[in-house]
Amino acid sequence: MARGQFQPYKVSGAYRAQLAQKATWADVDGWRLPVAFGDPADEAARVRRGVGVQDVSALGKLDVKGTAVDGSIEECERLEGVCAVLRPKPGHALILTVRQDDRTRVAVESVFAQAPGCVHVTDITSALAAFALVGPNAADLLARLTSIDLRPCSLGDDRAASCTVAHVHATLYHRDWGAMRGYMLLVGRDAAEYMWTTIHHAGEHLGLTPFGTAAERLLSETQASVTLRAHAVGVNAR
Amino acid sequence: MSDRRLPIHPAQRVDRSRPLTFSFDGKSVAAFHGETIAAALCAEGVQTLSRSFKYHRRRGLLCAAGRCPNCLMTVDGVPNVRTCTEPVRDGAVVRSQHAWPSLENDVQGVLDSFDALIPVGFYYKTFMQPRWLWPTYERALRRLAGLGRFDPTLEPGANSDVVHLHTDVAIVGGGPAGLSAALEAARLGADAVLIDDQPRLGGHLQWHLLATEGTTPDYQVAERLAQRVRAEPRIRVLSDATAFGLYEGRLLTVIQRERMSKVRADRIVVASGGFEHPLVFQNNDLPGVFLGEGIQRVIALYGIAPGKRAVVVANDNRGLRAARELKAAGIELAAVVDARVDSDAALRTLGASVALAGYTVVEAHGSKRVERVSLARLDASGRPTKGSEQTVAADLLVLAAGWEPNTTLLAQESCSLEFRGDLGARFPTGLPEWLSVAGEVAGAATLDGILRNGTQAGLRAAVLIGLGDAADRAASTAATTGLEPSGSVRPTMAAHSNTKEFVCLCEDVSTKDIKHALQEGFDHIQTLKRYTTVTMGPCQGKMCHHTSVELCASMTGQTIAATGTTTTRPPAAPVPLGLLAGPAHNLIRQTPCHHRHNESGVTWMDMGAWKRPLVYSTVEAECRAVHEHVGIIDVGTLGKLDVKGRDAAAYLEWIHPNRVANLKPGRIRYRVMLDDAGIIVDDGTIARLGDDHFFVTTGTGALESVEQWLEWWLADGARCVHTTNITAALGAVNVAGPKSRELLSRVTDLDLSSAAVPYLGLAQGLVAGVPALLLRIGFVGELGYELHFPAEYGDYLWSTLLEAGNDLGIAPFGVEAQRVLRLEKLHIIPGHDTDALSNPFEADLGWAVKLEKPDFIGRAALSRLHGQPLRQRLVGFEMTDGTLPFEGDAVVAGNAPVGRVTSAKRSPLLGRTIGMAWVPPDLAVEGSLVHVKTQDRVSEGRVVLKPFYDPEGERLKG
């Protein structure tokens with residue numbers, strides 16, 4: 001086997017389940033990402049009517065811990081490539097980035113370089129699977145999987161909560177897509193396939209459809225999607 | 001069409017333009033859409049719906065509300081369905097229960113004649129002798145007992161659903177009080193969830209076709225309120241929904257067909273109304289006996305007149321209203337009696353053939369159904385007067401004289417229930433601030449009172465969550481409105497003592513049974529319940545709790561208040577266990593290489609929620625591949641922690657009994673972790689990646705506890721140490737065997753020589769194009785490397801390594817082969833070879849304990865143990881006779897157990913059985929003989945203290 005012939009590819013934990021759903025694929029930054037599961041226009045329409053789920057596990061994720069986090073974390077929101085900053089508890093932040101790359105990590109570390117105290121940044125892109133749930137029935141679907149209060153008065157737009165979803169520890173981030181209700185669900189990668197199939201089971205009667213990057217592009221033409229904005233967020237769930 | 005069907009009325013739920021058919025005990029029955037099974041049978045003249053539990057007495061429609069046990073049948077294979085509330089489905093197969101050969105001719109009906117031989121509690125005193133016959137008795141009793149037959153081939157409902165709802169105000173009860181409360185709360189801006197157990201809103205008003213107050217018929221009052229509620233966007237209505245539990249934390253659990261909703265609210269209003277229970281008199285269980293609200297349901301909702309000539313027994317205005325409704329439906333009033341002596345004037349307005357004030361019913365007559373009713377005058381003490389009896393011919397006996405508030409949910413939340421003589425029942429008191437009651441359950445009796453009471457409850461709930469203005473807040477603190485004395489009179493229970501006066505219809509418990517139980521000493525309501533089983537049947541006490549308390553009180557000379565109540569617990573209504581379990585969300589954790597194993601013919605095993613490969617081909621072949629060529633095992637389930645910080649080295653030094661701080665970057669050390677008692681809790685490795693950066697591995701299944709342990713000791717925030725769980729972030733494989741270096745050299749440019757990466761050394765670089773951390777460690781006794789890589793590459797890397805090693809004889813190996821291989825090296829598995837009493841000295845890990853360190857967790861305990869005689873030791877052994885003991889078999893000395901086997905496997909390489917065991921110290925000598933009791937015989941083994949294979953580790957460190 002000639003060493004130059006190595007062509008590694010990256011797949012999410014729900015890859016095999018998506019293969020079984022006849023997804024079509026594209027290579028993005030080394031990741032095999034679902035482009036569509038059927039007709040993208042149909043997927044987009046079903047998302048607008050019911051609820052859609054998209055595997056966004058390729059988003060970069062940086063775990064930031066330390067005594068200097070709280071004082072300077074807001075600066076990270078303005079960095080290029082940063083989608084969102086979730087703050088599960090004091091001294092701890094989870095930064096979502098458009099893609100996993102060293103440049104963003106270095107940029108984040110440099111934000112804290114002059115801050116008093118310590119900060120430790122760990123790339124946990126591989127540790128977490130991420131699923132976007134979008135559509136008018138998104139909250140109804142999640143109500144079948146988690147007991148936390150999803151009402152906007154408790155978990156408003158751009159807020160996150162640590163919770164249990166379908167018996168698995170998760171971070172739930174409320175992030176609307178324009179006028180459409182949207183959430184991002186982050187769980188351990190080892191539970192990715194389980195969560196993907198569980199979401200499908202829970203959404204069976206709510207008009208759930210998986211959708212890929214093609215439908216996302218169609219939806220983004222009318223709604224601002226998560227990859228294009230960055231906001232500060234976060235409280236713990238009750 | 002049956003002559004029992006009444007003309008169509010707007011209050012009816014039945015659509016006669018949509019006929020349906022179902023079968024009942026093999027016979028076809030005509031019905032209409034919207035009817036219940038029992039209503040359809042009633043329309044067809046079926047009087048007997050079931051046979052009672054003990055005496056197999058005929059039972060007919062009674063409550064028509066899903067509370068009593070009389071209409072239980074098997075519907076489409078599902079037993080114990082309450083057919084009085086179960087809608088007819090076209091083609092349904094309905095069967096009667098608990099009768100043979102048929103409902104009409106049940107041979108066990110003969111038991112009714114032998115009631116004197118089988119009083120309550122008889123089974124505690126009979127079937128004792130001869131003792132050898134007990135298995136036969138037991139089999140016979142099992143066949144006789146129980147209600148309904150479970151069909152084990154029936155597929156459980158696959159669609160059980162659980163939904164979590166959060167709201168400002170939850171209202172239980174969709175009657176006039178609940179509707180008023182919901183509307184008022186919504187008016188002030190509260191979101192509300194209204195839970196109603198009926199398919200339509202309106203509560204009891206739905207089956208009142210006449211006007212109680214004013215000129216608007218009650219059912220129209222209900223419909224107008226319901227329309228307003230349906231139009232209010234802030235109110236979410238759950239119909240056909242029964243709240244069965246009220247739990248701490250303001251949690252209501254609700255069942256709706258195949259869905260369970262968990263409703264959490266800031267404020268809860270219980271407007272659950274009330275219900276009737278039967279009076280106690282001779283043959284009070286005959287078909288043709290109806291509760292007042294029950295017959296009104298049948299008439300109003302389903303348009304059926306179950307009989308032609310009725311006797312109505314009342315003790316308040318509810319009863320008189322029931323009589324008026326029957327008359328309006330065209331049923332002749334043969335007699336109306338009212339226990340109130342001053343009700344003459346009201347009775348005369350009813351136009352009954354016989355109208356008697358101060359009277360009650362004493363007996364129902366008939367063989368298969370009611371044919372005549374005997375009435376008697378009550379004396380001043382409430383007892384029927386002998387000689388005053390009058391008998392009236394009738395085919396219906398309507399009991400509208402036993403009303404009580406529905407406090408089931410409230411009693412679950414341990415609310416106090418106070419007996420109010422002026423209101424004639426127990427009402428809730430001392431409610432917590434977040435819980436309130438409204439309507440009849442609060443004591444309101446008139447329609448106006450119910451509506452006002454409900455409105456006030458909604459107002460109060462909304463104000464308490466901060467809504468409304470000053471005027472609303474002032475109004476919410478006003479005295480509770482709408483409570484009215486019922487004026488009801490109840491005959492005393494003291495006179496009753498007969499075998500056919502049934503208190504508990506579910507369990508066939510009579511007043512005579514109650515009397516005998518009290519005489520036997522079960523004179524507290526709790527013990528009376530347990531001995532007689534009153535209130536313990538399918539009705540859960542709804543039909544009999546009040547009466548049993550009254551009887552107990554009157555027969556023991558206590559007041560009702562002093563007698564107390566039995567304990568109420570969820571569920572308030574039957575709930576299928578499958579619904580409580582919820583959807584089958586069975587977590588399966590997968591390593592990044594998971595799906596590749598299926599391509600190699602894997603047999604899986606469960607390790608907690610993880611799936612791990614147990615074996616691919618045979619254990620023998622896999623072990624041989626590792627020893628002779630190269631094997632690869634997925635160890636992705638290992639716990640992995642990233643530990644960073646200025647104080648990380650010192651912290652890990654303190655956590656572990658061995659040295660960590662002097663570990664050089666690029667080196668690895670075995671770690672054993674102890675608790676503060678010096679007990680082994682986990683082992684693994686620590687790799688130093690940098691001055692302040694460590695990579696820690698733990699056992700599969702130990703990760704959560706290790707992570708918690710590390711976080712626990714950091715809680716004071718005094719150290720700069722940060723741990724991150726990266727278990728799921730990394731895939732991990734162990735490549736082991738004499739050709740492992742050759743294999744890896746084909747896929748990486750890293751120098752893997754012993755000089756560059758010695759044993760317990762590490763390297764970082766690309767492996768097949770994937771960034772990886774290589775740890776040169778060994779668990780299976782051969783040259784080996786543990787690769788950790790980003791999880792997203794798992795699918796790719798596993799297949800790439802297999803392809804690269806194809807000509808080297810690579811084989812995947814599973815957990816079973818790994819267990820054999822590690823046993824050959826006498827490597828322990830904490831939690832398998834050790835237990836909650838195992839310290840490192842006894843487990844042959846004393847070398848890992850550095851007592852000279854100033855401090856570490858467990859040091860104090862181990863310092864005390866050090867130098868003390870050991871109680872036991874963990875040693876290797878090999879069987880001399882080839883026996884394979886079970887793990888857990890005892891090591892014996894004579895007949896006495898002195899130790900136990902923790903691991904035992906057959907080693908294909910060594911050709912013999914090897915294992916590990918705890919033995920007394922005097923046996924822990926190389927070559928000592930040990931005896932293992934296995935499979936009822938004793939086998940011999942020999943102690944081995946050094947690894948069976950490559951004891952000096954030359955192959956491992958080559």
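Letters A, B, ... mirror the listed sequences (proteins, then strands); counts begin at 1.
For A:V11, the parts lying under 4.5 angstrom from a heavy atom of chain B are both the backbone and the side chain. Residue contact with chain A, scored on non-hydrogen atoms closer than 4.5 Å, is absent for B:D692. Heavy atoms of B:L587 lying under 4.5 Å from chain A belong to its backbone as well as its side chain. For chain A, the nearby parts of B:D168 are the backbone and the side chain; heavy atoms of each come within less than 4.5 Å. Interface residue A:T122: backbone and side-chain heavy atoms are both found under 4.5 Å from chain B. A:T146 touches chain B through its backbone: at least one of N, CA, C or O sits under 4.5 Å from a heavy atom, while the side chain does not. With a 4.5 Å cut-off on non-hydrogen atoms, B:D795 touches chain A through its backbone and its side chain both. Heavy atoms of A:V187 lying under 4.5 Å from chain B are absent altogether.
Listed for the A:R87 side chain is no donor-acceptor partner under 3.5 Å among the backbone atoms of A:K89.
In terms of non-hydrogen atom pairs under 4.5 Å with chain A, the most contact-rich of B:G794, B:G717, B:G645, B:G731 is B:G645. Among the candidates B:V162, B:T724, B:T727, B:I588, the residue making the largest number of heavy-atom pairs closer than 4.5 Å to chain A is B:T724. Chain B forms more heavy-atom pairs under 4.5 Å with one residue of A:G117, A:A127, A:S126 than with any other, namely A:S126. Of the listed residues (B:T637, B:N586, B:L797), the one with the most heavy-atom contacts under 4.5 Å to chain A is B:N586. With chain B as the partner, the residue from A:R32, A:H92, A:R144 showing the most heavy-atom pairs under 4.5 Å is A:R144. Per-residue counts of heavy-atom pairs under 4.5 Å with chain B were compared for A:A129, A:G30, A:G66, A:S12; the largest is that of A:G66.
A donor-acceptor pair shorter than 3.5 Å can be found between the side chains of A:W196 and A:Q21. With hydrogens and angles left out, the side-chain atoms of A:D149 and B:H164 include no donor and acceptor closer than 3.5 Å. A:Y183 and A:D176 share no donor-acceptor pair across their side chains, judged by distance under 3.5 Å alone. No side-chain N or O of B:K262 forms a donor-acceptor pair with one of A:S147 less than 3.5 Å apart.
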Practice item. Please test B:F695 against B:H788 for ring-ring contact (aromatic ring centres under 6.0 Å, His included), starting from the C-alpha separation and ending with a verdict. Key: CA-CA 11 Å; B:F695 177 66; B:H788 296 265; 4.9 Å; yes
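Salt-bridge formation is not detected for the pair A:D123/A:K61: no Lys NZ or Arg NE/NH1/NH2 atom is positioned less than 4.0 Å from an Asp or Glu carboxylate oxygen. For the pair B:R746 and B:D807, the salt-bridge criterion is met [side-chain N within less than 4.0 Å of a carboxylate O].
For B:R236, the CZ atom sits in a loose shell: 12 or fewer heavy atoms of surrounding residues, nucleotides or ligands are nearer than 6.0 Å.
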